[in-house]
2 protein chains.
Amino acid sequence: MEAKEILKQHVSKTAMLTDEQFEHFFSHFKPKSLKKGQVLISEGEKVDHEYFVISGCLKAFFINDQIKMYILQFAMTTWWTSDYGALYNQSKATIGVDSITDAEVLCLSNQDREKLCSQLHQVEHFFRWRTNKGYLASQKRLLSFMNNDTKARYEELLALYPQLYNLVPKHLIASYLGVSRETLSRLYNTHR
Amino acid sequence: MEAKEILKQHVSKTAMLTDEQFEHFFSHFKPKSLKKGQVLISEGEKVDHEYFVISGCLKAFFINDQIKMYILQFAMTTWWTSDYGALYNQSKATIGVDSITDAEVLCLSNQDREKLCSQLHQVEHFFRWRTNKGYLASQKRLLSFMNNDTKARYEELLALYPQLYNLVPKHLIASYLGVSRETLSRLYNTHR
DNA sequence: TTACAAATGTGATCTACATCACGTAACGCG
DNA sequence: CGCGTTACGTGATGTAGATCACATTTGTAA
């Protein structure tokens, strides 16, 4: 399916836009092809776009003291990603975003998003719901962190995104779970 | 300051409403006085309101297997709280909300929020930003969880909300930090 | 004021996971 | 094709924090 169609279906789940309105909306997105490993946002730099994933898999991550990496999000088709803190506050990136596989994304600038939100009530509605969904997911993950041990969180992740197991290297999954790669390795080898 | 004035100042930070619009907005909130320990949302029941805190301190929490409690949020003045997952999905509460101190809140029903959002573009704008702020806070807390040890998270919490130390019992702070009350106790006794 | 419940302090022990250390397998690139 | 980098497996050891057990202190309602 074409990028435009994927976005249209995605948006239509929460916002009613006429064809004309959608065309206007869509005209603000710039398509971009990414190669495996390609960087979209790197720490310390200005952030002015968010990204809607058409295909492939990106990661949003935080690096502590130049040493440990924690993955905030694996972004696959129909997911949005960026350093939203930096984007909304017009500050430098503290979160990096790059591509784990070859990928296709649509880029939307912060300015254009705000313009579209104020022009079209339905677009503002859409972004409220999108953010809300993200908020709920984040809260759920926080609870999972406090409540479950590593093994349970690992199984939870794979139940939700089975494709991840073959798509991304294991040490990235460990970074998402917040454990060392060694512990993750022992987890699925010891256990079966 | 009066409840109405507190809400007005809070909203005016992100949304421009005329006096008339604000009156209409405000007319959908019902004030409620809470006593220490009073329950607003309990697990398994229907959720149809969210709450804007005027004074006092509430907690939103999750209880695992009827045993361990994890605090998702301490809600103080100008904070919003509810079981948003249940509220938006019209499902039964999995998260509880009650009052830690005597408190004053304004209640807004899910239905009224959605009505107001569709009636007034600026209200939708306001709720988008509010949710966005919540999302960023949640993401930050998640990172803190992965990145910092208990002591650092404890100090971070108290730096952000110094009043909590005297306002709420220590075992609730432990529940927020995701550690046992014993560990928290040792933390500030061993350490100074 | 008494009396019971809730909150807190503190020791002893146990465990999941981090860290270090090293070896092997796979892969991408000249 | 071979070679280096990246991914992955696995043992040994250290440690933060959980859990259990019990004492003490504080709050609260009758």
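All chains are named by letter (A, B, ...) in the order of the sequence lines, taking the proteins before the strands, and each is independently numbered beginning at 1. Predicted model, so just to flag it, every value in this text is computed and none were measured.
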Option from B/Lys36, B/Lys35, B/Lys59 for which salt bridge (charged side-chain N to carboxylate O under 4.0 Å, His left out) with B/Asp98 holds = B/Lys59
Would A/Thr81 and A/Gln73 satisfy side chain to side chain donor-acceptor pair (under 3.5 Å), going step by step from the backbone distance to the final call?
-> CA-CA 8 Å; A/Thr81 192; A/Gln73 183 194 22; 2.9 Å; yes
The helix from C/dT1-D/dA30 to C/dG30-D/dC1: angle between terminal helix axes, five bp per end, to the nearest 10 degrees, reads 50°
Parallel, tilted or perpendicular: which fits the ring planes of A/Trp80 and A/Phe52, with parallel below 30° and perpendicular above 60°?
-> tilted
Side-chain H-bond candidate by donor/acceptor type, B/Thr94 with B/Glu43, under 3.5 Å = no
For nucleotides 13-30 of chain C, just jot down a letter per nucleotide in 5' to 3' order: B, S or -, based on protein non-hydrogen atoms under 4.0 Å.
-> ----SSBBB---------
Using 30° and 60° as the class limits, which term best fits the ring planes of A/Phe22 and A/Phe25: parallel, tilted or perpendicular?
-> tilted
Protein-nucleotide distance (B/Ile100, atom CD1; D/dG27, atom P), rounded to Å = 17 Å
Any donor-acceptor N/O pair, B/Thr131 side chain to B/Phe127 backbone, under 3.5 Å = yes
Whole angstrom is fine here: how far is it from CG in A/Asn189 over to C1' in D/dG11?
-> 14 Å
Could you tell me whether the side chain of A/Asn110 and the main chain of A/Asp48 form a donor-acceptor pair under 3.5 Å?
-> no
Please check the phosphate of D/dT6 (OP1 and OP2 only) for any side-chain N or O of A/His171 closer than 4.0 Å.
-> no
Is B/Tyr188 near enough to C/dG9 that one of its side-chain N or O atoms lies under 4.0 angstrom from OP1 or OP2?
-> yes
Is the centre of the A/His10 ring less than 6.0 Å from the centre of the A/Phe126 ring?
-> yes
Whole-Å distance between C/dA7 P and B/Leu167 CG?
-> 14 Å
